[in-house]
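Chain letters run A, B, ... following the sequence lines, proteins first and then strands; every chain starts at 1. Everything numeric in this text was worked out from a predicted model, so none of it was measured.
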2 protein chains.
Amino acid sequence: MYLRAISFLRRQGQDYVSSRDLADQLHLKSPQIRKDFSYFGAFGVKGIGYRVDTLIGRIREILKLSGTQKAALIGAGRLGKALALYPGFGLYGFEIVEIFDVSPKKIGKKIGNTKIQSIKHLGNLEKRGIRLAILAVPAEAAQETAERLVEGGVRGILNMAPCYITVPKRVRVQTIDIAMELGILPYYV
Amino acid sequence: MYLRAISFLRRQGQDYVSSRDLADQLHLKSPQIRKDFSYFGAFGVKGIGYRVDTLIGRIREILKLSGTQKAALIGAGRLGKALALYPGFGLYGFEIVEIFDVSPKKIGKKIGNTKIQSIKHLGNLEKRGIRLAILAVPAEAAQETAERLVEGGVRGILNMAPCYITVPKRVRVQTIDIAMELGILPYYV
DNA sequence: CCTTGTGAAAAACTTCACAGCC
DNA sequence: GGCTGTGAAGTTTTTCACAAGG
């Protein structure tokens, strides 16, 4: 969250940012931000604010985002395709290096520069340096596919299917249910 | 969240569900769920659990999801297209009735049964019964487009662009930043 | 002046424990 | 036996207030 906002400031050529400015942009309170940053180890300059480059470096370090992280994409449907070509992953240093699907129609085709492989050839992702996977399959197939990913040595799964999946606790799952996010809007309206 | 899990149970033909079962499925604690449901007004049956149909009805009521909610989609790029054809909105009673884009290449074409219109013809969405919008435009265009939506009388915006947008406080914004969600995974890995 | 950093107070949330009911 | 509903306890998070520094 911070990373996105601060990177934006860097692109605008800003060198320093105050907790107040960030608070306004992110709709938070300023002491909250200072407290968060103090957990990172303090490096703010009193009267000025925080150095943008230092902040980005430190956050990337804490999030273990140093260098490039390889990720696999499972599911080459419409959503999968949109994700494969989504430019936003670059900011966090992610690269989708392999794409898998079950459909024989799709296998062998390319999305961007990456060839779609059969899910049967998932193999050991860990050995190929892939620790993260993005799951863009129908809800019915999500659990089964997640289990394959775990077998393949994946450590984190971004689940785009509208369901919860159960995995060993050494594996971290983050679920995004787009319809659900839309569903809570009318409540506030 | 509950709606998704409970709807799934209904499709499976289950009539009643206990807080314990839901807790297991959603990875929560059972008193938590009972407390949430008690805010809805209590209607559990001691010794049995909660009636699935009653629960769904009540949750839809609280979320103001009764009937069909019309939504507009802004941005007919890859992500927009995937969202337009995303089947998951149905569960929550959403229907994307209008699609807009800036690109002359796309205007006039159809996604599914819905024609892509020029963003210039956004007009008064409120009068056409549209109170929600899904924003699937590049980050640079998000703020400007959001302002147009607010002018058009929209009350809730689901923002898929990787940035925060500022709107009058009568308008509710829900932001989904896919890359960010992926970005927090390595931290736990 | 402007900022950060932090202890203390307040609020929100989570968990526990158990009475009451089927 | 099983399960709900809820007050009380515990924990975490958020907010405030202010000393201290450029």
Side-chain angles (χ1 to χ4, degrees), chain A residues 1-3 5-6 8-10 12-59 61-63 164 169 172-175 180-181 184 187-188, chain B residues 1-3 5-6 8-10 12-59 61-63 164 169 172-175 180-181 184 187-188:
Chain A
M1 175 168 75
Y2 287 135
L3 201 49
I6 301 164
F8 179 73
L9 293 173
R10 180 160 68 172
Q12 297 205 327
Q14 202 167 325
D15 282 345
Y16 285 87
V17 62
S18 71
S19 56
R20 176 91 73 80
D21 290 349
L22 271 178
D24 290 347
Q25 200 188 326
L26 298 175
H27 308 127
L28 299 168
K29 297 287 189 298
S30 60
Q32 170 83 293
I33 288 173
R34 291 202 297 278
K35 199 148 255 179
D36 287 347
F37 288 0
S38 81
Y39 286 127
F40 303 171
F43 41 77
V45 184
K46 302 188 182 193
I48 306 284
Y50 298 84
R51 186 161 171 79
V52 167
D53 284 344
T54 316
L55 263 179
I56 292 177
R58 191 77 189 94
I59 295 173
E61 214 173 282
I62 287 165
L63 257 40
Y164 278 84
K169 59 177 173 295
R172 177 80 191 187
V173 176
Q174 193 77 16
T175 298
M180 189 182 82
E181 303 287 339
I184 66 177
Y187 173 74
Y188 295 102
Chain B
M1 172 168 76
Y2 287 135
L3 201 49
I6 301 163
F8 179 73
L9 293 172
R10 179 160 71 172
Q12 297 205 329
Q14 202 168 323
D15 281 345
Y16 286 87
V17 63
S18 71
S19 56
R20 176 90 73 81
D21 290 348
L22 271 177
D24 289 348
Q25 200 189 326
L26 297 175
H27 308 125
L28 299 168
K29 296 286 189 297
S30 61
Q32 171 82 292
I33 288 172
R34 291 203 296 279
K35 199 148 256 181
D36 287 347
F37 288 180
S38 81
Y39 286 129
F40 302 170
F43 41 78
V45 184
K46 301 185 182 193
I48 306 284
Y50 299 85
R51 187 163 170 74
V52 167
D53 284 345
T54 317
L55 262 180
I56 292 178
R58 191 77 190 93
I59 295 173
E61 214 173 280
I62 287 164
L63 258 39
Y164 277 86
K169 59 177 173 296
R172 178 80 191 187
V173 175
Q174 193 76 17
T175 298
M180 188 181 83
E181 303 288 338
I184 65 178
Y187 173 73
Y188 296 101

Practice prompt. Kindly indicate whether the side chain of B:L9, heavy atoms from C-beta on, has any atom under 4.5 Å from the side chain of B:Q25.
Written response: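 Yes, their side chains come closer than 4.5 Å.
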
Worksheet item: Does a side-chain heavy-atom distance below 4.5 Å link A:D36 with A:M1?
Response: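 No, too far: nothing below the 4.5 Å cut-off.
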
How close or far is atom [atom2] of [N] from atom [atom1] of [X], stated in whole angstroms?
X	N	atom1	atom2	result
A:K29	C:dA11	NZ	P	14 Å
A:L55	C:dG5	CG	P	10 Å
B:D21	D:dG2	CG	C1'	11 Å
A:L22	C:dT4	CG	C1'	13 Å
B:Q32	C:dA17	CD	P	16 Å
B:L26	C:dT14	CG	P	14 Å
B:R20	C:dC16	CZ	P	13 Å
A:I33	D:dT15	CD1	P	11 Å

Discussion item. Please report the interatomic distance OH(A:Y2) to CG(A:L22), rounded to the nearest 0.5 Å.
Written reply: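 That separation rounds to 7.5 Å.
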
Check every strand shown and say whether [X] touches a base, only sugar-phosphate, or nothing at a heavy-atom separation below 4.0 Å.
X	answer
A:Y50	sugar-phosphate
A:G44	sugar-phosphate
B:Y39	nothing

Fill in: Aromatic ring pairing B:Y164/A:H27, orientation class (parallel under 30°, perpendicular over 60°, tilted between)
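Perpendicular: the ring planes of B:Y164 and A:H27 meet at over 60°.
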
Discussion item. Let me spell it out: for each of A:V45 and A:K35, pick the nucleotide of DNA chain C with the closest heavy atom. Which residue's pick is nearer the 5' end?
Written reply: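 The residue whose closest nucleotide sits nearer the 5' end is A:V45.
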
Worksheet item: Of all the choices, C:dT6, C:dA17, D:dG21, which nucleotide is nearest to the side chain of B:P31 once you look at every atom?
Response: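 Per side-chain heavy atoms of B:P31, the pick is C:dA17.
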
Fill in: Residue A:R34, side-chain atoms from C-beta onward, closest of D:dA17, D:dT6, D:dT4
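Selected nucleotide (nearest to the side chain): D:dA17.
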
Discussion item. Does a side-chain N or O of A:Y16 approach OP1 or OP2 of D:dG22 to a distance below 4.0 Å, or not?
Written reply: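 Checking D:dG22 against A:Y16, no side-chain N or O comes under 4.0 Å of OP1 or OP2.
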
Discussion item. Measuring to OP1 and OP2 of C:dT4, would you say a side-chain N or O of A:S19 lies under 4.0 angstrom away?
Written reply: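 So the side-chain polar atoms of A:S19 do come within 4.0 Å of the phosphate oxygens OP1 or OP2 of C:dT4, strictly under.
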
Worksheet item: Would a distance-only check, ignoring hydrogens and angles, find a side-chain to backbone donor-acceptor pair under 3.5 Å from A:R34 to A:S19?
Response: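 Between the backbone of A:S19 and the side chain of A:R34 there is no qualifying donor-acceptor contact (under 3.5 Å).
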
Item to complete: Let me know, please, whether A:D36 or A:G47 comes out on the 5' side of the other along DNA chain D by nearest nucleotide.
Response: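 Going by which nucleotide is closer to the 5' end, it is A:D36.
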
